[in-house]
Amino acid sequence: MDVKNSENQTSLIFAINGDKFELSKIDPSTTLLEFLRTQTRFKSVKLGCGEGGCGACVVLISKYDPLHDRVEDFTASSCLTLLCSIHGCSITTSEGIGNSKHGFHPIHERFAGFHASQCGFCTPGMCVSLFETLINAEKKTNRQEPPSGFSKVTVSEVEKAIAGNLCRCTGYRPIAAACKSFAADVDMEDLGLNSFWRKGESKDVKLSRLPRYDHHHKSIKFPMFLKEIKNDLFIASEKHSWHRPTSLKELQSLLELNRANGTRVKVVVNNTGMGYYKDKEGYDKYIDLNGISELSKIKKDQSGIEIGAAVTISKAIEVLKQQNKSDFNSDFVMILEKIAEHMNKVASGFIRNTASVGGNLVMAQKSKFPSDIATILLAVDSMVHIMTGSKFEWLSLEEFLERPPLRLESVVLSIKIPSLEAIRSTSSEQRNRFYFETYRASPRPLGNALSYLNAAFFVEMSPSEDTGVSMIESCRLSFGAYGNKHAIRAKNVEEFLTGKMLSVRILYEAVNLLTATIIPKNENSNTAYCSSLAAGFVFQFFNPLIEIFAGATNSYLNGYCNSPFVNDIKFIENQKQVHDDKIPTLLSSGKQVLEAGNEYHPIGEPIIKSGAALQASGEAVYVDDIPSPPNCLHGAYIYSSKPLARVRSIKLSPELQLDGVIEIISSKDIPSGGENIGAKTIFGTEPIFAEEIARCVGDRLAVVVAESQKLADMVANSTIVDYDIENLEPPILSVEDAVKRSSFFEVPPFLHPKHVGDISKGMAEADHKILKAELQLGSQYYFYMETQTALAVPDEDNCITVYSSNQFPEFTHSTIASCLGIPENNVRVITRRVGGGFGGKTIKAISFATSCALAAHKLCRPVRMYLNRKTDMIMAGGRHPMKITYNVGFKNDGKITALELDILVDAGIYVDISVALPHNIVTALKKYDWGALSFDIKVCRTNLPSRSAMRGPGELQGSFIAEAVIENVAATLSIDVDSVRSINLHTHKSLQSFYDHCYGEPFEYTLPSIWSKLAVSANYEQRTEMVKEFNRNSIWRKRGISRVPVVYQLTLRSTPGKVSILSDGSVVVEVGGIELGQGLWTKVKQMAAFALGTIQCDGTGSLLEKIRVVQADTVSLIQGGYTAGSTTSELCCEAVRLSCDILVERLKPLKKKLHEKMGSIKWKELILQAYMQSVNLSASSFYVPNNNSTMYLNYGAAVSEVEIDLLTGETRFLQTDIIYDCGQSLNPAVDLGQIEGGFVQGLGFFMLEEYETDRNGLSLADGTWNYKIPTIDTIPQEFNVQILNSGHHQHRVLSSKASGEPPLLLAVSVHCATRAAIKEARKQLLSWSDLDELDSIFQLCVPATMPVVKELSGLDIVERYLKWKMGRV
C-alpha cells in the first residue's frame, strides 16, 4: 500500500460527553488534556503532574470493537494521551457522568455524603476511576445479580480502582468508604461517618438513604456515529503529520521514507512513555501503531502465547489470567497467572489500560527504563519478534536487551512466552517440576511506583526419592534494579546452582555469590540495599524447599508466608492460586466516634462540605479553570541553575526562537516608581527577580511570555543563561557553612521563645546524662494537587485584577501595588478556592501572582501562569531542614530533669516566615515536662531555595525532637519507652511553667484523660503483649507499637466578616479566610444559619440552604489577613457571628412590630418588609480577640502499630487510634477530615517522602516518579478516630477548638512504632551472631523509608541467618 499524501487527508473524529468533534487540522503533539482544557467547556480534568502519576486528569475512553460488536470502556491519563490517538473514541469526563444541571451521579453524591472531598482538585479523577470500575463490573456475566442499590463490584476492586489516584487532603479513608458503598460484599458498619444515616440505624434504613445506584442503568451511551468511523487516520499540516498505518507494509514504507529524508519521527502506541521520558523536542511525523491489527492480537498454541506489541498491559493481564488447563499444562497456567499478577503492580490502572507491553520493553531496551515486565519475561525465556525494514527476526529477550538501542526503522511486533514444553531442559524428565515466582520491592505495594529491585525466578527441580533432597536441574534468575542498564540474569549463580542438591550451605554460597552480582550502576541508587533485596528474594524462593525436606515446614513460614511452596513439593498442589498475601490488602476498617453538640444548631452537625458535589463533578472553578480572556498570554519562569552566580545574559535557544514567543520579562521591566519586590511580610521582603546575582538554585530570573503554556514551558526549559562566578564568595550550602560565616536571619524579640527553669540545676539533679546527641531532619514538599497558578487581567485607568490560588491575598494585593508602582486601590486580588495549600500558597504564591501581574501590566494583555510540577518542586523550598544537638539529664525512672538544645534551621536565601520557626519549635517541644529547658536556635541563611510555611511549621519538627529525646532516654535506661512518656507528661502545675500565657483552667487540660482513655479504647496494654508474642514467634516480620501525645499552641488574630441579606431572603457571606479544602465555608455557613436563626422567624430552620459564601476579594473585604495556623475557620465564624448579630438587632424592632400585627412571621416576608422599610441588611465586622482568647492549647494522642518486613524493609501500617480534643466541634465531619488528612500527611513526612537536593540545592525529586506521598495502600489498615467533646470553653468560639495542624504531629507515633519493631529485629540479629556489635541505641532517620529500615534491621540478615543455621546443623 502506498504512503498517503496530503490529498488523502482524513479528519479526526471523536466525542466528548456526547458532543461530536471533527478536526481537520491539529498539532499532533496536542494531548487530550490540553484540548479539553483549552478548547472545550469541560474543565473537570486537571493538570496535576503531567506524567500520568496522580490521576487528576483521568478520563473514560470508550472504543467500539467491530469484530466483537461491543464497546470497551477504560480509563486513561489525558495528560499523556495524544488527541489524534482517540480517533473514533468517545471520551467521558466527570461532568459527563453527572452534573448540577442534569443531576449528579450517585458517585458524586456519595463522595460528597461520605465527606470524601476536601480541596476537591483530585476528586473528579477519583470519580472517573471508580465509574470505570463499576461499568466494567456490570459487564461480567459470571457474577450474581447484586442486591438492589449495589454494583457487581467487590470491596477489593473498588479500593484498588483508586490506587493510582493521589489525594493530599483526606487521608483516603472517606474516599475508600464512598467507593466501598457500591460493593455488594460491603459491611455497612465499616463505611464510617456520612451524612446519609445516623449510627445505630438498620441496614435497610441505611441502604434506603444512600443515593440510589441502578447497575442496569447506563448513564453514558456510545454515540452511534462513531461506529462508522474508519480506523485509518492521516492528518497533515505544513509542519507536522499524523499517520495511522493499517498494515505492516504501509508502516515499512513510512519508515523507509523517513530514513531517506531524515524527518524527526515518533512512533507511538498510546504515548504513556512520555510520562517518564519527556519530549524535549518537536517531531515532524507521528506514526500510530494502533491501526495495524497484527500488533494488537494475542495468539496461543501449544508452543506458548504470543502477545502483539501494541497490546495493552491491562489486556495482557486479562488474557493471561483467562488461560485454562485444557489449553496448557497446569504448571504453565500458574506461571501465566503469576506473570499477570506481577503486571498488575506495574504503574496504575489508568496507565496499564493504555501502556503497551511492547512499548514497555522498547523503553527498557532503548532508554534503560527500569521495567518489571522485562524482568519477569526474561525469567521464562521469552522471545521478541522484530521487524527492521523488510527483515523479520526472532530474538530471545535476553539478546534483545543486550543489543545496541533500537534504531527507528526497527519495530517490535510481538513478544512470545514459550510453553514449558518449549523451554524444558534436554535432560528433563516428566516427573520434574517447575517453580516460578516474581518479586518486587517498591515504596507502594500496589504499584504506581518504580521498584527498588524486581526479580523473577524459574527453576526446574528433580526430586530424589533416595535422599529426599531436591536437585536443581536448571534455573533462570532474573533481576531488574533501578539504576541498572536493563534486566539481567545472574548467570554465575545459575551455573553454581545447576546440578546442586539444595542445602543451607549451598543457599548460603549462592547468596554470597549473588550479592556481588546485583550492583546497580546508578550513583544515586541504593547499591547495598538492592544487593540485600536480591539476597532476600533468593532466600524467600529457595529456603522453603530446604525447610520442607528437613521436616521443618513451619519454621520459615512462621511470620512470612508469601512463598511459592506450602507443604508439598508438587507444584500443581502447592500453587493452585496466586497467594493472597502477594496481593496486599488495603484499608480493612475504620471507626469514628463523635460527640456532636446540638446547642447551637446547625453548629455541631456533621453536614456535607459546601460545594463537595460540584467538586466531584468537576464543575467547581479553580483559577486555571477560569476561561482565558481574549488575547491571553502564558508565562513560565526562567530560574537559576546555580546557587550563587552573576547573570550576564539570558538568551532564547536558537531553535526555539519561534512565532508565538512574545517577551522575556525581568527586573528591567519593573515600571518607573515600582519596586523589585516579589513578596513582603512583617518579617521582610524578597525580590521578584534577581537583578544581577542569582542567589540560589531556583531563584527567579525572568518570565518567558508566549501564546500558549506549552510553548512558554518549552522555551523556558531551553533558555540559555550565561553565568559568571568571578569575584563571588563560595555559596553557603549547609547550616554548618552558615555558622562558620555567621549567616543568620535575626529573630524579632516578640518571637523569642522563653527558657524554662534552671538548666544547671536540672543537670545537677540528673542520675544520667546524654551529651552531644545529634539529630537531622530533612524537608518535605507540599504536593498540593494544584501547583502555583494565577491569572492577571489589566483593566482601565492603570488598574489590574489578579485571580490567584493564594492563602494570603491581602499581602499579595499590597505587593503587586508596590511592584507596579500604583496605588493599592488600582489592584484587586480574587481567590475563590485553592486546590491544596498546606502553607505553600502563603508567601510563595505572592511572588507568583506578582510575576503574572508585572507581565500583564507591561504587555497590556492578560497573562496567566500555571507552574509545571518539576518547576514547582524546584522552587517551592518546602519544610525547613534542621540539625539538632542536645544534652539531656534524667533520673533512674526516666523522669527528665533538664534538656538543652542547639538547633540550626536551614531557612534558605530569603526570610519568608523562617524567623517564626524558633517560637513554633519550642511550643511543640514543651509538650513534656523537661524540668528545665534551654535552647539556642539559629535561623541560618543559606544559598538554597527559601523554605516556607508548611502545615505545622516548626511544630512538627519540635514534636519529633521531643519524641527522639524520650526514645533515647528509654533506650539508655533499657526501660519501656511508654513509661518514660507517661512519667514526663505535664501536670497542670508544670503546664503553667511551660505555657505561661495559655495553659487554661485545670478542667481544660484534657491530655491526662485522653492518655488514659486511649489506652482503654485502643487496647494498648493487651496489644503491647500481643506484639511481644508476635515478635517471639515471627522471624522475618517484626511489629512495634507506640503511644504519643500532642500539645499544640494555637494563636488567634483579627479577622473581618461581612453578611448581606438579599431581597428574597437568601444570604451572601464574605470572609477573610480562604477555602483550601479545610471546610471553612461550611463552618461559616453553619455559623451564619445559627446566628441569623436567633431572630426566631418561621422558615429560619432552612436558612442553611439560603446561605452562600463567596470568593475572597481584597477590594470588597479588606484586612483579610492570611489563612494559616489552623484557626482561620473559627475566626471567620466569629466575625460572621458578629455581623449576623448586628443584622438581627436591626431586624428585631421590625419583627416585633410585624409579629404584633400578623402573629407568626416568615423569614422571607420579614426580609421583604425590611427592604421596603429601608433597613440596612448588610453588616460588616472585624473580630479582634481579647487578651483571654488570643492563645489556647489543644491536646490529643495516638497509638500506632506497624509491621516491618526484614527482607525488604517495607513497613505496613496496621492500625492507628486517635483521640483528639475539638472542644465542641463546629462540624465533626470537617474536623474528622482534618484529623485523618493531617495525620496521613505527617505519615508521609516521617515514613515516605524524600525531598532531597544535590549539593547545589537542586531538587532531585521533580515529580511523581521520585516523590512518593501516601496512597490508599500506604495508610493505616485500621484507622480509628475519636473526637472528644471537652465541654464549654468560654474563651473559644462557641467552645470549639482547631483541628487543621495538631493531628499532623501525631504521625510521629508511626515512626516510633517502626523504631520499636527495628529494635526487635536488631535483638534477633544479635542472637544469631553471638557478637555484641549492634548498639541498642540507634537513630531512625526521617523519612524511615524501606532502605533505611532495611539497613537498620540488617542488610546482611539473610547471610547471618544462614550462617547461624549452618552452625546449628
Side-chain angles (χ1 to χ4, degrees), residues 437 439 441 455 457 502-508 510-512 514-515 529 531-567 574 579-582 584 1023-1041 1201-1212 1214 1313-1331 1333-1334 1336 1338 1346-1369:
E437 190 59 84
Y439 301 89
F457 308 144
L502 267 180
S503 68
V504 173
R505 182 168 298 280
I506 291 297
L507 184 53
Y508 177 72
V511 165
N512 283 325
L514 177 69
T515 52
Y529 174 58
S531 295
S532 182
L533 284 174
F537 291 161
V538 166
F539 177 77
Q540 282 178 249
F541 186 82
F542 285 107
N543 191 65
L545 277 183
I546 301 170
E547 299 283 356
I548 288 167
F549 284 104
T553 310
N554 295 320
S555 62
Y556 167 77
L557 296 176
N558 194 353
Y560 210 106
C561 43
N562 63 333
S563 150
F565 318 101
V566 182
N567 282 315
N574 290 332
H579 291 277
D580 290 339
D581 59 299
K582 293 281 283 186
R1023 284 170 56 201
T1024 300
E1025 293 304 313
M1026 290 170 65
V1027 165
K1028 290 177 182 177
E1029 181 66 18
F1030 178 89
N1031 289 336
R1032 277 192 293 269
N1033 295 316
S1034 173
I1035 296 177
W1036 301 107
R1037 294 186 189 272
K1038 298 293 180 185
R1039 290 183 179 176
I1041 189 168
E1201 183 179 350
V1202 306
E1203 180 178 288
I1204 63 172
D1205 182 330
L1206 305 193
L1207 293 180
T1208 64
E1210 179 187 4
T1211 303
R1212 292 172 62 205
L1214 301 180
T1314 305
R1315 191 182 187 283
I1318 293 171
K1319 182 180 176 183
E1320 292 302 310
R1322 290 165 71 88
K1323 279 184 189 174
Q1324 176 178 269
L1325 203 59
L1326 197 61
S1327 72
W1328 293 340
S1329 59
D1330 295 326
L1331 295 172
E1333 58 189 87
L1334 283 173
S1336 62
F1338 59 91
M1346 290 172 67
V1348 168
V1349 172
K1350 181 74 173 86
E1351 182 174 354
L1352 287 172
S1353 302
L1355 290 171
D1356 59 348
I1357 189 171
V1358 167
E1359 293 93 322
R1360 289 200 191 206
Y1361 173 77
L1362 290 172
K1363 196 172 181 181
W1364 172 73
K1365 194 85 171 176
M1366 286 189 294
R1368 297 179 65 197
V1369 174

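All values derive from a computational prediction rather than experimental measurement.
Nearest heavy atoms, Q1324 versus L1206: NE2-CD1, 3.7 Å. When all heavy atoms of V1358 and G536 are compared, the closest pair comes out as CG2-CA, 3.9 Å. When every heavy atom of F1030 is checked against every heavy atom of R1037, the shortest pair comes out as CE2-O, 3.4 Å. Contact between T515 and S531 at its shortest, heavy atoms only, is O-OG, 3.3 Å. For the residue pair G1354 and S532, the shortest heavy atom distance occurs at O-OG, 4.5 Å. In terms of heavy-atom proximity, G1040 sits nearest to A1317 at N-CB, 3.7 Å.
Side-chain rings of F457 and F537 stay apart, their centers remaining 6.0 Å or farther from each other.
Counting heavy-atom neighbours within 6.0 Å of E1359 CD, excluding the residue itself, gives a total above 12.
With rounding to the nearest 0.5 Å, the separation of CZ in R1023 from CZ in R1039 is 10.0 Å. Here the CZ-OG distance, from R1360 to S1327, works out to 10.5 Å after rounding to the nearest 0.5 Å. With values rounded to the nearest 0.5 angstrom, K1363 atom NZ is found 14.0 Å from W1328 atom CH2. Atoms CD and CD, on E1210 and E1203 in that order, are 9.0 Å from each other to the nearest 0.5 Å. With values rounded to the nearest 0.5 angstrom, T1314 atom OG1 is found 12.0 Å from I1041 atom CD1. Taken from CD in E1201 to CE in M1026, the straight-line distance is 7.5 Å, to the nearest 0.5 Å.
Looking only at distances, a side-chain donor or acceptor of R1322 sits under 3.5 Å from a matching main-chain atom of L1352. Distance alone, capped at 3.5 Å, is enough to place a donor-acceptor pair between the K1038 side chain and the N1031 backbone.
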Please evaluate residues L507 and V538 with respect to the criterion side-chain contact (heavy atoms from CB on, under 4.5 Å), reporting the C-alpha separation (whole Å), side-chain torsions for both, the decisive distance (0.1 Å), and the verdict.
CA-CA 8 Å; L507 184 53; V538 166; 3.9 Å; yes
Residue pair L1355, K1350: steps toward the side-chain contact (heavy atoms from CB on, under 4.5 Å) verdict
CA-CA 6 Å; L1355 290 171; K1350 181 74 173 86; 3.8 Å; yes
Given F1338 and K1319, is the side-chain contact (heavy atoms from CB on, under 4.5 Å) satisfied, shown in steps?
CA-CA 9 Å; F1338 59 91; K1319 182 180 176 183; 4.2 Å; yes
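The closest side-chain heavy-atom distance from M1346 to Y529 is below 4.5 Å. With contacts defined as side-chain heavy-atom distances shorter than 4.5 Å, the pair W1036/I1357 qualifies.
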